[in-house]
Every structure is written in structure tokens, then in C-alpha cells.
J.: 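Here's a structure for you.
Owing to the predicted nature of the structure, the values given are computational and were not obtained by experimental measurement.
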Amino acid sequence: MSTIIAVAGDAIQLILTGLPIVLFLTAAAFFPALGLGIVGGLLASSSFRPIRFLVGAYVYLFRSMPFLMFVFLVYYGLPQYDIDIGPVLTAVIALSLSHGAYMTEIIRGGLKGLDKGQNEAAIAVGFSLFQRLRDITIPQTLMAVIPSLVGQAILIIKDTSLISVVGISEITRLGREVVIRTNQPFIVFTLLALTYFVVCFSLEFIARKLEARAKRIMAGH
């Protein structure tokens with residue numbers, strides 16, 4: 001029993017050490033990925049075929065390539081051209097570009113579901129393209145795809161467990177170190193799995209609240 005308590009104590013300590021890194025990487029990658037998704041989704045809805053082709057190629061490339069392979073390409077490939085950005089920036093770039101492709105498809109799908117009458121009414125009253133995007137298109141699209149965006153955030157959290165290959169001490173890497181030291185993989189990884197579950201479940205809970213609020217707002221219009 002004392003061994004189990006000692007191992008659990010080590011695991012909890014590593015969780016407290018590594019979890020902030022996981023949350024930082026998730027936040028640092030989510031917002032650039034969302035920006036890419038918004039731009040990509042808008043361009044994918046363009047009537048200009050070459051732009052749609054380029055966006056489609058980006059989406060196809062990053063959705064077809066294993067995420068871990070892309071991490072290796074960035075981390076080991078860029079130094080070949082004297083570009084050394086370090087493991088943290090490598091992780092943020094890899095997560096942002098990879099999940100930006102998925103968010104592009106999410107935003108594109110959200111745009112298809114918008115009521116075109118509102119956009120036509122905005123044109124009729126003299127709204128510029130920027131005003132329509134800022135005040136109508138983007139806000140309503142984001143509200144409509146909140147569950148999908150939160151789902152993508154959860155996938156980012158899960159993918160941070162692969163970032164340990166470039167030397168970042170997030171909870172999965174620290175967990176392996178504790179396992180090597182204590183030889184108690186079941187206890188350590190059970191606690192790590194519970195940690196991921198709690199974080200992801202909390203995001204799901206927040207997503208449901210945001211979705212319900214967004215539906216009330218949209219119903220009010």
C-alpha cells in the first residue's frame with residue numbers, strides 16, 4: 001500500500017508540473033488554428049477556383065499526413081536550412097497547421113448553413129465586405145460550429161501527448177519517466193488517463209453551455 005501511495009504521489013506531482021504545459025500548448029495552438037480555419041473556410045467558399053484548389057490542397061495534405069510525421073518534419077527538417085525554432089515553437093506550429101486544416105472544413109461547413117438573406121439584406125443597406133464578415137458572417141458561423149470547435153480543441157489536447165518526442169516535458173513524457181523510476185505503469189497511466197478525461201470532459205461541459213447560449217442568442221434574432 002505504501003508503494004502505491006508513493007507512486008500516486010509522484011504521478012500527481014508530475015501532473016501538476018506537466019498539465020500547465022499541456023494547457024499552454026493547447027491554447028497557443030487553438031487560436032492560430034482557428035484563425036487559419038476562418039481564413040481557409042472563407043477562401044474555400046470563394047468563387048475563384050484557383051483559391052479553392054489551394055485551400056483544398058492544404059486541407060488534403062494536413063488531413064492525410066500523420067501528425068507525428070509532420071512534427072518530425074518541422075523539428076528535424078527546418079534545422080537543415082539553419083532554422084532552429086526550438087521544441088515549443090515546433091509544437092505550436094505543428095499543432096496549429098495540422099488542426100487548422102480540420103478547422104477550415106468546420107468553418108466551411110458552417111458557412112454553408114448561414115441564412116443568405118441576412119447577407120443580402122446587409123448588402124442592401126450598404127455594408128462593406130469587411131463589415132458583413134465582422135458583424136454577420138463570422139460571428140454567426142462561430143456560434144453555429146461551437147461544438148465542433150470544442151471537439152477540435154479536445155483533439156489538440158490529445159495530440160499534445162505526441163509532442164514529447166521533441167523533448168517537451170508534458171504529462172505523458174513525465175509519466176514515462178515516473179514509470180521508469182517506479183516500475184508501476186498501471187497506476188501512473190491510470191492517473192494520467194483520468195487527468196485527460198477530466199480536462200476533456202470539462203471542455204465538453206463548457207461547450208454544451210456555450211452551444212445552449214448561442215442557440216438562445218440566434219433564436220432571439
J.: According to a 4.5 Å side-chain heavy-atom criterion applied to Ile, Leu, Val, Met, Phe, Trp and Tyr, with indirect links allowed, do Ile157 and Val198 form part of one hydrophobic cluster?
T.: no
J.: Mind checking ring pair (Phe, Tyr, Trp, His ring centres under 6.0 Å) for Phe72 and listing every partner two or more places apart, or none if nothing turns up?
T.: Tyr76
J.: Considering only heavy atoms from C-beta outward, does the side chain of Thr90 approach that of Leu78 to under 4.5 Å?
T.: no
J.: Below 3.5 Å, can you tabulate the donor-acceptor pairs from side chains in residues 58-68 to any protein atom, sequence neighbours excluded?
T.:
unit_1 : atom_1 : unit_2 : atom_2 : d
Tyr58  : OH     : Leu97  : O      : 2.8
Tyr58  : OH     : Ala101 : N      : 3.1
Ser64  : OG     : Tyr60  : O      : 2.6

J.: How many angstroms lie between atom CD1 of Ile156 and atom OG1 of Thr160, to the nearest 0.5 angstrom?
T.: 9.5 Å
J.: Under 4.5 Å between side-chain heavy atoms, hopping through other hydrophobics if needed: is there a path connecting Leu111 to Ile106?
T.: yes
J.: Determine whether Ile163 and Val92 fall in the same hydrophobic cluster, where Ile, Leu, Val, Met, Phe, Trp and Tyr are linked whenever their side-chain heavy atoms lie under 4.5 Å apart.
T.: yes
J.: In this structure, would Ile146 and Leu155 fall into the same cluster of hydrophobic residues linked by side-chain contacts under 4.5 Å?
T.: no
J.: Strictly by salt bridge (Lys or Arg N to Asp or Glu O under 4.0 Å), give each pair with a member in residues 149-161 just once, sequence neighbours left out.
T.: none
J.: Indicate, with yes or no, if Ile85 and Leu73 share a hydrophobic cluster defined by side-chain heavy-atom contacts under 4.5 Å among Ile, Leu, Val, Met, Phe, Trp and Tyr.
T.: yes
J.: Rounded to the nearest 0.5 Å, what separates atom OG in Ser98 from atom CD1 in Ile93?
T.: 13.0 Å
J.: Identify all side-chain donor-acceptor contacts of residues 25-54 below 3.5 Å with residues at least two apart in sequence or on another chain.
T.:
unit_1 : atom_1 : unit_2 : atom_2 : d
Thr26  : OG1    : Val22  : O      : 2.8
Ser45  : OG     : Gly41  : O      : 3.0
Ser46  : OG     : Phe48  : N      : 3.0
Arg52  : NH1    : Ser46  : O      : 3.0
Arg52  : NH1    : Ser47  : O      : 3.3

J.: Would you call the rings of Phe201 and Phe197 parallel, tilted or perpendicular, where under 30° means parallel and over 60° means perpendicular?
T.: parallel
J.: If every non-hydrogen atom of Val71 is compared with every non-hydrogen atom of Ala94, which pair is closest and at what distance?
T.: CG2-CB, 3.9 Å
J.: Which pairs, with at least one residue in residues 183-201 and sequence neighbours excluded, count as a salt bridge (Lys or Arg N to Asp or Glu O under 4.0 Å)?
T.: none
J.: side-chain contact (heavy atoms from CB on, under 4.5 Å) with Ile206: which residues, sequence neighbours excluded?
T.: Leu210
